[in-house]
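None of these values were measured; they are calculated from a predicted model.
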Amino acid sequence: MRKYFPFLVIIIAFLNTNCDKCVEGDLVAPASIFVEILDETSSENVFENETFTATQISIKDTEDVVVPFNFIPNTNQIQIFPNTENLTGNTFIITLNNETTSTIEEITITHDVTAKEQECYTTYKIENVQVPNNTSELIEGIYVIKI
């Protein structure tokens with residue numbers, strides 16, 4: 001038995017150092033930004049005051065590709081998941097279209113993306129968010145935009 005003990009220790013050490021520390025199925029949260037849209041005159045959320053509804057939202061990039069998003073009803077905010085392939089010069093447009101009142105609002109948002117290599121995956125973060133045609137401010141991680 002003593003003959004095999006050093007061999008056994010070497011095998012165990014080799015297996016411990018070569019094990020992949022990445023767990024299959026671990027998911028990284030996708031990069032996103034949160035947006036709240038307010039009426040510039042009343043400062044009311046445009047979904048709370050029913051100027052627009054969640055079904056009247058569309059978001060596309062400059063190449064007319066749909067940008068995925070979630071509408072969060074209890075806060076009347078939009079969580080947007082922009083494409084992270086290009087690190088700089090990204091733009092998407094939020095369109096609010098109330099066909100009943102013939103009200104259409106377009107909000108252009110530009111941003112950059114940073115990528116950080118981790119051991120098992122890459123995380124992305126949306127940065128340098130600008131809303132060139134509207135008044136906006138970042139409040140507690142939410143971009144509040146006035147239309």
Side-chain angles (χ1 to χ4, degrees), residues 8-147:
L8 184 61
V9 170
I10 292 172
I11 289 176
I12 291 172
F14 178 73
L15 289 175
N16 281 340
T17 58
N18 284 339
C19 286
D20 187 4
K21 294 179 185 172
C22 302
V23 177
E24 190 172 324
D26 278 353
L27 297 176
V28 178
S32 69
I33 65 170
F34 289 86
V35 171
E36 181 175 5
I37 303 172
L38 303 180
D39 180 290
E40 191 166 37
T41 307
S42 67
S43 293
E44 293 178 309
N45 183 297
V46 297
F47 302 106
E48 284 179 19
N49 70 12
E50 299 178 353
T51 303
F52 297 100
T53 64
T55 60
Q56 297 168 335
I57 304 168
S58 70
I59 305 175
K60 294 184 179 182
D61 66 15
T62 55
E63 296 176 5
D64 213 31
V65 175
V66 172
V67 175
F69 69 91
N70 288 329
F71 180 77
I72 306 167
N74 59 334
T75 59
N76 292 306
Q77 296 172 355
I78 307 167
Q79 182 181 17
I80 304 167
F81 303 95
N83 187 335
T84 56
E85 289 177 11
N86 300 323
L87 296 182
T88 59
N90 299 292
T91 301
F92 61 85
I93 301 165
I94 302 171
T95 302
L96 305 175
N97 184 2
N98 185 334
E99 292 179 5
T100 306
T101 62
S102 299
T103 305
I104 299 175
E105 292 286 343
E106 288 190 341
I107 304 165
T108 301
I109 298 179
T110 62
H111 64 89
D112 295 328
V113 178
T114 56
K116 183 176 180 184
E117 296 289 329
Q118 303 289 337
E119 184 175 355
C120 302
Y121 49 83
T122 302
T123 57
Y124 297 94
K125 184 178 177 184
I126 307 300
E127 293 185 332
N128 302 323
V129 174
Q130 301 292 316
V131 187
N133 303 322
N134 299 84
T135 304
S136 68
E137 61 183 320
L138 181 61
I139 301 174
E140 296 180 13
I142 300 164
Y143 291 91
V144 178
I145 303 168
K146 295 185 178 182
I147 58 171

Any side-chain heavy atom of [X] within less than 4.5 Å of one from [Y]?
X: Thr95; Y: Glu106; answer: yes
X: Phe52; Y: Thr103; answer: yes
X: Asp61; Y: Asn90; answer: no

Requested in this report: Take atom CD of Gln118 as the centre, draw a 6.0 Å sphere, and report whether it contains more than 12 heavy atoms from other residues, nucleotides or ligands.
Outcome: yes
Quick one: closest heavy-atom pair of [X] and [Y], and the distance?
X: Lys125; Y: Ala31; result: N-CB, 4.3 Å
X: Ile142; Y: Val35; result: CG2-C, 4.2 Å
X: Pro132; Y: Thr108; result: CD-O, 3.3 Å

Report task. Mind running side chain to side chain contact (heavy atoms under 4.5 Å, CB included) on Ile126 and Val113 for me, showing each step along the way? Result -> CA-CA 5 Å; Ile126 307 300; Val113 178; 4.0 Å; yes
Query raised in the report: According to the interplanar angle, ranging from 0 to 90°, do the rings of Phe71 and Phe47 count as parallel (below 30°), tilted (30 to 60°) or perpendicular (above 60°)?
Result: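 Because their plane-to-plane angle is over 60°, the rings of Phe71 and Phe47 count as perpendicular.
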Mind checking the [atom1]-[atom2] spacing from [X] to [Y]? Nearest 0.5 Å is all I need.
X: Tyr143; Y: Gln130; atom1: OH; atom2: CD; answer: 8.5 Å
X: Leu38; Y: Asn134; atom1: CG; atom2: CG; answer: 11.0 Å
X: Thr51; Y: Leu96; atom1: OG1; atom2: CG; answer: 9.5 Å

Requested in this report: Take Glu117 and Thr122, measure what side chain to side chain contact (heavy atoms under 4.5 Å, CB included) needs, and give me the verdict at the end.
Outcome: CA-CA 4 Å; Glu117 296 289 329; Thr122 302; 3.1 Å; yes
Report task. Only one of Ile80, Asn74, Thr75 passes side chain to side chain contact (heavy atoms under 4.5 Å, CB included) with Gln77; say which it is. Result -> Thr75
